[in-house]
Amino acid sequence: MENKNICWGFPIDEAESITGLNNPGIETFKDRPLLFLAKEICQNSLDAKANNKKPVIVEFNQFFIPKKEFPGLSYFSSMINKQIDYWSNLRYDKTNVVFFKEAKKIINENNIICLRISDFNTTGLSNSRDDFSGWKKLVKSEGVSDNQSTAGGSFGIGKFAPFACSYLYTVFYSTKDLKGREAYQGVARLSSFKTDDGKITSGTGYYGSKIRYSFVPEMIHFEKDFKRKEAGTDIFIIGFQRVDSDWEDQIFASVIDTFMISLHKGELIFKLNGKTLDKDTLPNFIKKYRDEKYGELLNEGTLDYYDVLVEKYAIYKFYKTFFDKDDIELILSMHPTMKNHVAIIRNNGMKIFDQGRLPRMGDYSGLLLLKGKKINEYFRLLENPQHDGWSEDRAMNKLEAKRKIKEVKRFIIDSVQSLLGENRPDTFDAEGVGEYLPDEENDIGNKDLEEDLSDEIKEIELQVKDLQKKKRIRLPAGDGGPGGNGRKGNGNGTHGPGENNNKNSEKIIEIINKRVFINQDKKYSLKFSAPEAIPSLKICINIAGETANEQVEILNAEQMTANLIEREKLEHKKNVIYIKDIEPFEQINIVFEIKEKGIWALEVEFYAD
């Protein structure tokens, strides 16, 4: 017999504020609802782990319920009709009317499709009436989060992800905590409507006790073959929205993309409709998704990250002390198929985002692990609501946050350069000197990496042109162009660094990480990158004298491709090399030979062509 004290209730808004369907929390996850659903659920379950010696188990299972078993069906149907009547008064926007007409079709079906989401080895939700209990934060709060400082959810917005996967925007929660206390409640995050007595509702309705729209102190089981016996939480999505036929693979791929490390370490077991994804089956899923027909399911770089994780190729580890000793660990690996990305991983094994725009001086991928408590606390506060990026704008001290974000990226770039031979023990770059002096380096496109990183220090003789016994002056850009001895603005300099004397319209380009090396063939290797895209670049090369410079004559110039083996010939004329279509932060590696014999200190300047 139906308990009349347990029913649907939509609180009246005394201020008669009108709420539409465009709930910001739900809209956050509407673009990729299934992917965000898996991410948010697994994150919250890992954060609520009860026994650290056992894995957290997250289970998704699709099932159907007869419509007569939908709690409070009669009232819910009546409410939908009131919604249609109320929102039909809008002249132009029929979004709400269309939504509720589709919802009406769903609940009129003989069987309603649902998705159960359950976790195990978790604490469950404390169901006290305290304003900030776990239950209240999940069911009856918005924008509230009181998680531990290292826990994932810092916005309280992740709870909206299940609603984005429901045709009815309706979810039931059921839980059992570690003390054996039980609770369940239904929530429908809909829009305002007028009651029979003409009052405006707030839009969000609750299925539960009539008293303060509170929870029922027991669990609910919609699925006949499932009954919870241990602590944990069950979420039932009513009117489950599964748009694509490959929705199962989408969810599995999302879990792999985001929680690969947790799976690999045995800290997370994920189940979907009887299929299990864990440390034992992960290799099989990876093998499946390597197939081209599944190519778009995984994010770019995920397969590379797996190869780094399982040490398919040689790995190289780098450490940095940020707040605590070695609280950042970077694991890098190299292979021609890798795509120059590094995954940023939180301490719970969850990937936050892929760090792109990294040096393209080789083929590598890596995992950056935030290991310490303090560093996780700090960067958690910089995450956006979707937990897939950092922003300094979210910090109280924006300048400090911007500096720390750059510091992490700088560590990645420096480690990559060190791995690929940019920073060697037998070279150093005194402030301002490395811009002009060549360093001797093996050509890593033709030699093994181990040979390139040899500790042997080679002795070379550096020649400097004695052009004039006067103080050397750097060649800045002036109104008359970067003339040889002309100071900025007067344009009266002698023949400048390039083959064209008329440089009035040219612009000096900002270049970073520029270095000049000598390879074993006694050819020069110029490496640099730019912080922005450059359609066409002119590189002017001169021999640095004590006071003035002398143009070199370039005999040939080639650009190394990304694999550091193939070379592409570049156009050159006199002392100028021309290169086009440079991407932001793309690592450019040019090998060139000059007519002048010997090893010279070179000055290199960069101009927009």
Side-chain angles (χ1 to χ4, degrees), residues 32 34-43 45-46 55-61 117 119 152 242 244-317 329-356 358 362-370 387-388 412 563:
R32 296 178 294 164
L34 292 178
L35 277 64
F36 282 120
L37 176 68
K39 180 176 182 178
E40 294 295 331
I41 293 296
C42 290
Q43 172 187 259
S45 297
L46 285 168
V56 166
I57 300 174
V58 174
E59 182 175 293
F60 284 29
N61 197 64
I117 302 170
D119 61 24
R242 42 165 201 176
D244 302 316
S245 60
D246 64 344
W247 68 275
E248 290 187 8
D249 280 316
Q250 288 184 35
I251 291 180
F252 277 125
S254 176
V255 175
I256 293 172
D257 275 331
T258 311
F259 297 98
M260 183 192 300
I261 289 184
S262 298
L263 292 165
H264 178 72
K265 290 183 175 180
E267 296 174 354
L268 173 66
I269 296 174
F270 181 78
K271 298 181 179 182
L272 172 57
N273 290 345
K275 302 173 185 175
T276 299
L277 170 61
D278 59 13
K279 65 178 181 180
D280 296 322
T281 61
L282 178 59
N284 297 331
F285 279 92
I286 292 293
K287 183 179 179 180
K288 174 181 177 180
Y289 294 142
R290 285 191 193 276
D291 191 306
E292 290 184 359
K293 68 179 180 180
Y294 298 104
E296 296 183 358
L297 284 176
L298 292 175
N299 288 333
E300 184 181 21
T302 297
L303 294 175
D304 292 342
Y305 299 148
Y306 179 77
D307 291 341
V308 175
L309 187 61
V310 300
E311 302 182 15
K312 183 175 181 180
Y313 312 107
I315 63 166
Y316 306 85
K317 294 186 177 183
E329 179 182 6
L330 175 62
I331 308 172
L332 293 174
S333 189
M334 296 186 300
H335 191 266
T337 61
M338 290 183 170
K339 300 177 178 64
N340 300 8
H341 287 287
V342 170
I344 311 299
I345 311 292
R346 211 198 280 143
N347 62 338
N348 66 352
M350 171 179 156
K351 184 185 79 172
I352 308 170
F353 62 94
D354 301 297
Q355 179 64 69
L358 294 172
D363 302 307
Y364 61 88
S365 284
L367 304 169
L368 185 134
L369 312 177
L370 304 179
H387 304 291
D388 59 5
I412 296 173
N563 60 20

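Among residues two or more places apart in sequence or in another chain, the salt bridge (charged side-chain N to carboxylate O under 4.0 Å, His left out) test is passed with Arg290 by Asp307. For Asp257, the salt bridge (charged side-chain N to carboxylate O under 4.0 Å, His left out) test picks out no residue, with sequence neighbours left out. Residues satisfying the side-chain contact (heavy atoms from CB on, under 4.5 Å) criterion with Arg32, sequence neighbours excluded, are Leu35, Phe36, Asp388.
Phe252 places none of its side-chain heavy atoms less than 4.5 Å from the side chain of Leu297. Looking at Leu282 and Ile256, their side chains come closer than 4.5 Å, going by heavy atoms from C-beta outward. Side-chain contact check for Leu368 versus Glu329: every heavy-atom pair is 4.5 Å or farther apart. Asn340 has its side chain within reach of Tyr364: a pair of non-hydrogen atoms, C-beta onward, lies under 4.5 Å apart. Residues Leu369 and Ile261 have side chains in contact (heavy-atom distance under 4.5 Å, counting atoms from C-beta outward). The closest side-chain heavy-atom distance from Val308 to Met338 is below 4.5 Å. In this structure the side chain of Ile412 reaches within 4.5 angstrom of the side chain of Ile344, judged on heavy atoms. Between Lys317 and Ile315 there is a side-chain heavy-atom pair separated by less than 4.5 Å.
Once rounded to the nearest 0.5 Å, the distance linking CG of Asp246 with NZ of Lys293 reads 11.5 Å. For the atom pair Leu303 CG and Thr337 OG1, the distance stands at 9.0 Å (nearest 0.5 Å). A distance of 7.0 Å separates NE2 of His335 from NZ of Lys312, quoted to the nearest 0.5 Å.
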_Stepwise side chain to side chain contact (heavy atoms under 4.5 Å, CB included) test for His387 and Lys39_ = CA-CA 9 Å; His387 304 291; Lys39 180 176 182 178; 4.2 Å; yes
*Begin with the C-alpha distance, continue with both residues' side-chain angles, and end with the deciding distance and a verdict on side chain to side chain contact (heavy atoms under 4.5 Å, CB included) for Val58 and Ile269.*
CA-CA 6 Å; Val58 174; Ile269 296 174; over 6 Å; no
*Dump the intermediate steps for side chain to side chain contact (heavy atoms under 4.5 Å, CB included) on Leu272 and Leu277, then the final yes or no.*
CA-CA 8 Å; Leu272 172 57; Leu277 170 61; over 6 Å; no
*Test side chain to side chain contact (heavy atoms under 4.5 Å, CB included) applied to Glu59 and Phe270, step by step*: CA-CA 6 Å; Glu59 182 175 293; Phe270 181 78; over 6 Å; no
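No donor-acceptor distance shorter than 3.5 angstrom exists from the side chain of Asp119 to the backbone of Ile57, with no hydrogens or angles considered. The backbone N or O of Ile41 lies less than 3.5 Å from a partner atom in the side chain of Ser45, making a donor-acceptor pair. The backbone N or O of Leu298 sits nowhere less than 3.5 Å from a side-chain atom of Thr302 that would complete a donor-acceptor pair.
Around NZ of Lys275, the count of heavy atoms belonging to other residues, nucleotides or ligands within 6.0 Å does not exceed 12.
Nearest heavy atom pair, residue Gly266 against residue Pro55, reads O-CB, 3.2 Å. Nearest heavy atoms, Gly356 versus His341: CA-ND1, 3.8 Å. A pairwise comparison of heavy atoms in Phe285 and Thr276 identifies CE1-O, 3.4 Å as the closest pair. Of all heavy-atom pairs between Phe259 and Ala38, the closest is CE1-O, 4.2 Å.
No salt bridge links Lys339 with Glu300; every basic N to acidic carboxylate O contact stays at or beyond 4.0 Å. Ion pairing of Lys271 with Asp278 is absent here, as no side-chain N (NZ or NE/NH1/NH2) approaches a carboxylate O to less than 4.0 Å.
Between Tyr305 and Asp354, the side chains place a donor N or O and an acceptor N or O closer than 3.5 Å (distance only, hydrogens not considered). When only modelled atom types and interatomic distance are considered, Asn348 and Gln43 share no side-chain donor-acceptor pair under 3.5 Å.
Between Tyr306 and His264, the angle of the ring planes goes over 60°, which puts this pair in the perpendicular group of the 30/60° scheme.
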